[in-house]
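Sequence positions, counted from 1, serve as the residue numbers for this chain. Fair warning: this is a prediction, and the values are worked out from it, not measured in the lab.
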Amino acid sequence: MRFFKNKQILPENVWTAIIFAATPLTAFYLMQLACGGYFWQLAPSVVLANYICIGMVYFILCGLTDHIVVCSIAVHALCVIWGSANAFISQFRGTPILPWDFTALNTAMAVAGNYKFAPTWQMITAAVLVIILAVIMKKKGRKGSLRIKKERLRFRVNALLIGLICSVTMINFTALEVLDIDTDVWDQTGSYQKEGAVAAFLMNIKFMDVEEPEDYSPENVETIMASTSEKEMQTVTSENVSQPNIIAIMNESWADFESFGNLELTESVVDYISSLDAVYGEAYASVFGAGTSTSEFEFLTGNSMAFLPSGSIPYQQYILGPFPSLASRLKDNGYTCVAIHPGERNSWQRNQAYPRLGFDEFKCVDDMNVELTEEHGYVSDESSFNQIIYEFEHKAEDEKLFVFNVTIQNHGSYTDEDYTAQVQLADEPGKYPMAEQYLTLANKTDQAFKILVDYFEQQDEPTLIVMFGDHQPSLEQEFLDKAYGVEQDDMTMEQYMGKFKVPFVIWANYELPDDTIDKISLNFLGQKVLQYAGIEQTPYGEFLNSVYAQIPALTFAGYFDTEGNAYSHLEETEFDDLIHQYNLLQYENLFGGESRNSAYFDGK
């Protein structure tokens, strides 16, 4: 209190002193309101932690500018914007803004124009309160200028000192932990609402570096690999077919909401694919609503997001040099590997990641050789699939081709007012416009896939096609509750895993063995493709097969056993040791450094 009473240090106006001291507190409460949190959820230690976090910016600004009121208004506005931004991002992808998102700003900007921002009542209320506070502060407070130059200098020095103390305190994650700030990597949105959108964000910075698993050592890795079954590889491809052309399509936001059994649509959006003589079933991703590149990462490398921080972006954070993948394995077996994505070249830094993963060529929207058509502003699946056909027709006769096509047609958002929905819910037409627009797009995917299959049915070269979704779309929550048959807050673990369920189909223009895949996660699906193609797998691939035999679907969200029982990573089960072994091997693969045994992962 001496600090505020000392007229030689602070302004004479009491209102200005109150504004100076209270700003980090009121800005924090308004930020949480905009973020969807409420003051009664906030523990005193959480309030203090966020006060210090906001204060380290605010107090330094006051010291640098000597304009208390102006800085206060700016900090209040910025906090409301930050809270609103986190609420909006959480709404369409399921997680708020995370530190590593700033490495993907180009990707975010490329798709931002297709989303329509609809402010919630909390955001509007917070914004109105900022305006009211600004009016009051302008009337009651001064701009922070003191009458005497010496007094003004003392205030600025002390404000800077307070800001620096706050900064030093918060830079140390231990201080946040002492104040009981914790991040739930399984529920980042909940963490931001209960722990504060600033403190929780800062706490996530420590996850920028992946923590080394307990008991990790090259010796333990060697022990695990030595104990992995050395059974002769069992392929499931036809005896008369070896190393077919392989087309892998990761279809943007492709989901099968009909599979939950709770919707009646005016037209099925998977009727053609479901009619094929093919292997068709449930795959599981680690993300919901967004995060396409993480699903690519899992499918191509066999690694799982279950052992990496929530919302992390492997292409940008971990794939920093040549790295073993489905592409590099096929390349070693004589395949030409081509990646296609009809979007921006640097989206998710694919232009850097794909060469590191072993692809010979990457074609973005600017490189495509076929006529492009669009659906709700994005290149259509039909155009994507036509580019696949182009690659096949322009390869050498004896060349084996692997095409990895990441589509973009079904990308959100689903609010294009000029796009006419052709598929509706039979019992409630027009009630869910976003869902209807999405379902119409999914139906276009079904039709485009028929064109692709019809083409390769006429080709003599053996060709295998696998298509799967990268994640479910973010649609009206009421529609999702209807599709799942349960509200989100009442979900069992098995029902919660349903949010991460996407369809997959494996078709070939030759007879495939009678094989049934009930459940499989994307990190195992790539290995299954190698089996179907008769490609010898690496020791790491064989280990993944052994995990799949006991845990057919393992994702960031949770996992299934062979009986269909769903488990959270937070509970202890009989599979903990096997999952830990998987974690150790993946850590060795990604971060083993000079001690990494490349023969396990590269097969060389």
How about E393: does its CD atom have over 12 heavy atoms from other parts shown lying under 6.0 Å from it? yes
Do other residues, nucleotides or ligands put more than 12 heavy atoms under 6.0 Å from E371 CD? no
Residues that D360 engages under salt bridge (charged side-chain N to carboxylate O under 4.0 Å, His left out), provided they are two or more places apart: K331
Distance-only, no hydrogens or angles: does the [X] side chain make a donor-acceptor pair with backbone N or O of [Y] under 3.5 Å?
| X | Y | answer |
| --- | --- | --- |
| S380 | E375 | no |
| S568 | L570 | yes |
| Q537 | L530 | no |
| T440 | V423 | yes |
| E258 | V269 | yes |
| E476 | A435 | yes |
| S286 | F556 | yes |
| Q550 | D561 | no |
| N405 | I249 | no |
| Y438 | A255 | yes |

Contact between [X] and [Y] at the side-chain level, heavy atoms closer than 4.5 Å - yes or no?
| X | Y | value |
| --- | --- | --- |
| V287 | S295 | yes |
| F362 | H341 | yes |
| H471 | T292 | yes |
| N597 | V221 | no |
| R345 | D366 | no |
| K528 | V279 | no |
| S253 | Q472 | no |
| L372 | V370 | yes |

Please assess E391 against Q387 for the test side chain to side chain donor-acceptor pair (under 3.5 Å), listing each intermediate value before the final yes or no. CA-CA 6 Å; E391 300 299 330; Q387 184 66 38; 2.8 Å; yes
With ring-ring contact (aromatic ring centres under 6.0 Å, His included) as the test, pick out the partner of F468 among F404, F299, F504, W254. F299
Could you go through the ring pair (Phe, Tyr, Trp, His ring centres under 6.0 Å) check for F479 and F257 one step at a time? CA-CA 10 Å; F479 166 80; F257 289 112; 5.5 Å; yes
Mind checking the [atom1]-[atom2] spacing from [X] to [Y]? Nearest 0.5 Å is all I need.
| X | Y | atom1 | atom2 | answer |
| --- | --- | --- | --- | --- |
| I340 | M368 | CD1 | CE | 6.5 Å |
| L401 | N245 | CG | CG | 5.5 Å |
| N303 | Q586 | CG | CD | 4.0 Å |
| L300 | L522 | CG | CG | 10.0 Å |
| E571 | D576 | CD | CG | 9.0 Å |
| T407 | N251 | OG1 | CG | 3.5 Å |

Determine the minimum heavy-atom distance between [X] and [Y], stating which atoms define it.
| X | Y | value |
| --- | --- | --- |
| N410 | L441 | OD1-CB, 3.3 Å |
| T373 | S383 | N-OG, 2.9 Å |
| M467 | I273 | CE-CD1, 3.7 Å |
| N86 | A197 | ND2-CB, 4.4 Å |
| L554 | I579 | CD1-CG1, 3.8 Å |
| N523 | L544 | O-CD1, 4.3 Å |

Side chain to side chain donor-acceptor pair (under 3.5 Å) evaluation trace for E588 with Y216: CA-CA 8 Å; E588 167 84 355; Y216 168 73; 2.5 Å; yes
I'd like to know whether the aromatic ring centres of [X] and [Y] sit less than 6.0 Å apart in this structure.
| X | Y | answer |
| --- | --- | --- |
| F307 | Y582 | yes |
| F601 | F323 | no |
| Y600 | F543 | no |
| F297 | Y318 | no |
| Y284 | F560 | yes |

Could you tell me if K501 sits above the aromatic ring of F260, with its cationic atom closer than 6.0 Å to the ring centre and no more than 45 degrees from the axis? yes
Fit a plane to each ring of Y378 and H411, take the angle between them on a 0 to 90° scale, and name the class: parallel (under 30°), tilted (30 to 60°) or perpendicular (over 60°). tilted
Determine the interplanar angle of the Y559 and H569 rings, folded into 0 to 90°, and report it as parallel if under 30°, tilted if 30 to 60°, perpendicular if over 60°. tilted
side-chain contact (heavy atoms from CB on, under 4.5 Å), that's the test. Do Q495 and Y484 meet it? Break it down for me. CA-CA 7 Å; Q495 291 169 328; Y484 300 144; over 6 Å; no
For the pair F449 and W507, evaluate ring pair (Phe, Tyr, Trp, His ring centres under 6.0 Å) and give the outcome as yes or no after the intermediate values. CA-CA 11 Å; F449 194 73; W507 175 89; 7.6 Å; no
Run Y414 and Y419 through side-chain contact (heavy atoms from CB on, under 4.5 Å) and show every step you take. CA-CA 9 Å; Y414 312 100; Y419 192 81; over 6 Å; no
Quick one: side-chain contact (heavy atoms from CB on, under 4.5 Å) partners of N333, sequence neighbours excluded? Q243, R329, Y335, I535
Using side-chain contact (heavy atoms from CB on, under 4.5 Å), reason through Y315 and L357 one step at a time and then give a plain yes or no. CA-CA 10 Å; Y315 278 3; L357 292 171; 3.9 Å; yes
Are side-chain N/O atoms of Y354 and E296 paired as donor and acceptor at under 3.5 Å? yes
Would you sort out whether N583 and L585 count as a side-chain contact (heavy atoms from CB on, under 4.5 Å), showing the intermediate values? CA-CA 6 Å; N583 189 9; L585 290 182; over 6 Å; no
